[in-house]
Amino acid sequence: MTGGRLPDREWHRAQDVLDLWWADTPLSRAGLPITDLTLHQAHVLAAGLGGRLPTSPEWEWMAGAGKRRYPWGEQEPTAEHANLRGHGPATTTAVRTHPAGRTPEGLWDVAGNVWEWTSAPWRRDRAALLRGGSYNSLAQYASCTHANDVPPDLSSPGIGIRPVRDTPPDTVTQIGAPR
């Protein structure tokens, strides 16, 4: 995905985001998001796949390019956009289930289904930031600018991971082509 300038927000200062290569969906196994990972476990898994966790501002740029309210645009979430509280079965669903919720860049499940770990190296309180909301989140948590600060040792069936790469992969893998 092409980078750009992210405006000043509650969770970060204005900054440039570089071009990055994103996983098309949260990591999955048998079609369902991989969950129940602590922040450390998420870092290890991402590194094992040749990627890393995105910073919180990088995730925000991926979700909304600094201009969209939700990953798909301005329309309030519906069951066609995302698996959120009141818009789904109250558990995770298969990735790629909500085509109306894709970003214009083609990324799936950026909002809802599972929160996504991000790295927030500037945090001194040892809290980590989750992005995107989960199947148990209210629609407001699906906005591109919302973040949830949590202890880094938290794990939950509603928290997953979407790795990113700074450089193109040598071969197309699940982290895949630039998005």
Side-chain angles (χ1 to χ4, degrees), residues 1-6 11-12 15-66 68 71-72 82-83 92-99 101-123 126-135 144 147-179:
M1 178 174 175
T2 303
R5 182 83 177 157
L6 189 63
W11 296 99
H12 56 79
Q15 60 191 272
D16 291 324
V17 176
L18 302 177
D19 294 355
L20 296 169
W21 284 258
W22 290 88
D24 288 347
T25 67
L27 288 185
S28 62
R29 181 180 306 123
L32 292 173
I34 296 172
T35 62
D36 289 309
L37 300 169
T38 65
L39 179 61
H40 174 74
Q41 291 168 327
H43 275 294
V44 170
L45 179 56
L49 294 170
R52 63 175 175 81
L53 293 183
T55 66
S56 183
E58 288 170 342
W59 189 98
E60 186 174 319
W61 180 262
M62 173 272 299
R68 296 187 299 267
W72 53 86
N83 180 10
T92 56
T93 54
V95 298
R96 299 177 190 256
T97 299
H98 300 91
R102 287 182 25 193
T103 69
E105 298 79 20
L107 301 179
W108 294 76
D109 284 356
V110 175
N113 215 16
V114 294
W115 289 100
E116 296 178 10
W117 280 114
T118 67
S119 63
W122 52 271
R123 297 291 304 238
R126 297 196 174 276
L129 292 177
L130 297 174
R131 295 296 201 130
S134 78
Y135 63 84
C144 298
N148 190 11
D149 54 340
V150 298
D153 58 350
L154 179 69
S155 66
S156 161
I159 301 174
I161 172 180
R162 182 186 305 262
V164 65
R165 290 182 58 108
D166 298 305
T167 58
D170 293 333
T171 60
V172 176
T173 64
Q174 185 166 4
I175 292 178
R179 299 239 185 228

S.K.: Could you work out, with side-chain hydrogen bond (donor to acceptor under 3.5 Å, both in side chains) as the rule, every residue matching Gln41, not counting sequence neighbours?
M.R.: Thr38
S.K.: Kindly compute the distance separating CD (Glu58) from CG (Leu18), expressed to the nearest 0.5 Å.
M.R.: 7.5 Å
S.K.: Mind checking whether Pro26 and Trp108 have side chains closer than 4.5 Å, heavy atoms only?
M.R.: no
S.K.: Could you measure the distance from the CG atom of Leu154 to the CH2 atom of Trp115? Nearest 0.5 Å is fine.
M.R.: 11.0 Å
S.K.: Can you list everything that forms a side-chain hydrogen bond (donor to acceptor under 3.5 Å, both in side chains) with Thr93? Sequence neighbours excluded, please.
M.R.: Asn83, Asn113
S.K.: Any idea which heavy atoms bring Gly160 and Val114 closest together, and the distance?
M.R.: N-CB, 3.8 Å
S.K.: Leu53 versus Trp117: any side-chain heavy-atom pair under 4.5 Å?
M.R.: yes
S.K.: Which residues satisfy the side-chain hydrogen bond (donor to acceptor under 3.5 Å, both in side chains) test with Arg96, sequence neighbours excluded?
M.R.: none
S.K.: Considering all heavy atoms of both residues, which atom of Glu105 and which atom of Met62 are nearest to each other, and what is their separation?
M.R.: OE1-O, 4.4 Å
S.K.: Holding to salt bridge (charged side-chain N to carboxylate O under 4.0 Å, His left out), I want the full list of residues that pass it with Glu60, two or more places apart in sequence or in another chain.
M.R.: Arg9, Arg131
S.K.: Can you measure from OG1 (Thr167) to CG (Asp19) and round to the nearest 0.5 angstrom?
M.R.: 12.0 Å
S.K.: Can you find a heavy atom in the side chain of Arg162 that is under 4.5 Å from one in the side chain of Pro54?
M.R.: no
S.K.: Determine yes or no for a side-chain-to-main-chain donor-acceptor pair under 3.5 angstrom, with Asp149 supplying the side chain and Ala128 the backbone.
M.R.: no
S.K.: Using side-chain heavy atoms (C-beta onward) and a distance below 4.5 Å, is Pro71 in contact with Leu107?
M.R.: no
S.K.: Should Trp61 and Asp16 count as side-chain neighbours, where that means a heavy-atom distance under 4.5 Å?
M.R.: no
S.K.: Report all side-chain donor-acceptor pairs from residues 29-36 shorter than 3.5 Å, counting only partners two or more places apart or in another chain.
M.R.:
none

S.K.: For Trp72, what residues pass the ring pair (Phe, Tyr, Trp, His ring centres under 6.0 Å) criterion, not counting sequence neighbours?
M.R.: Tyr70, His81
S.K.: Which value, rounded to the nearest 0.5 Å, describes the distance between Asp24 atom CG and Asp109 atom CG?
M.R.: 11.0 Å
S.K.: Locate the shortest heavy-atom distance separating Ala111 from Ala82; write the atom from each residue and the value.
M.R.: O-CB, 3.3 Å
S.K.: For Asp166, give me all partners under salt bridge (charged side-chain N to carboxylate O under 4.0 Å, His left out), at least two apart in sequence or on another chain.
M.R.: Arg52
S.K.: Within this structure, what is the CG-OG1 distance for the pair Leu130 and Thr118, rounded to the nearest 0.5 Å?
M.R.: 7.0 Å
S.K.: Might you point out which heavy atoms bring Val17 and Pro57 nearest each other, and give the distance in Å?
M.R.: CG2-O, 4.3 Å
S.K.: Taking all atoms of both residues into account, what is the closest heavy-atom pair of Arg165 and Gly50, and its distance?
M.R.: NH1-O, 2.9 Å
S.K.: So do Ser119 and Thr55 actually touch side chain to side chain, heavy atoms under 4.5 Å?
M.R.: yes
S.K.: Nearest 0.5 Å, please: how far is CD1 in Ile161 from CG in Leu45?
M.R.: 4.5 Å
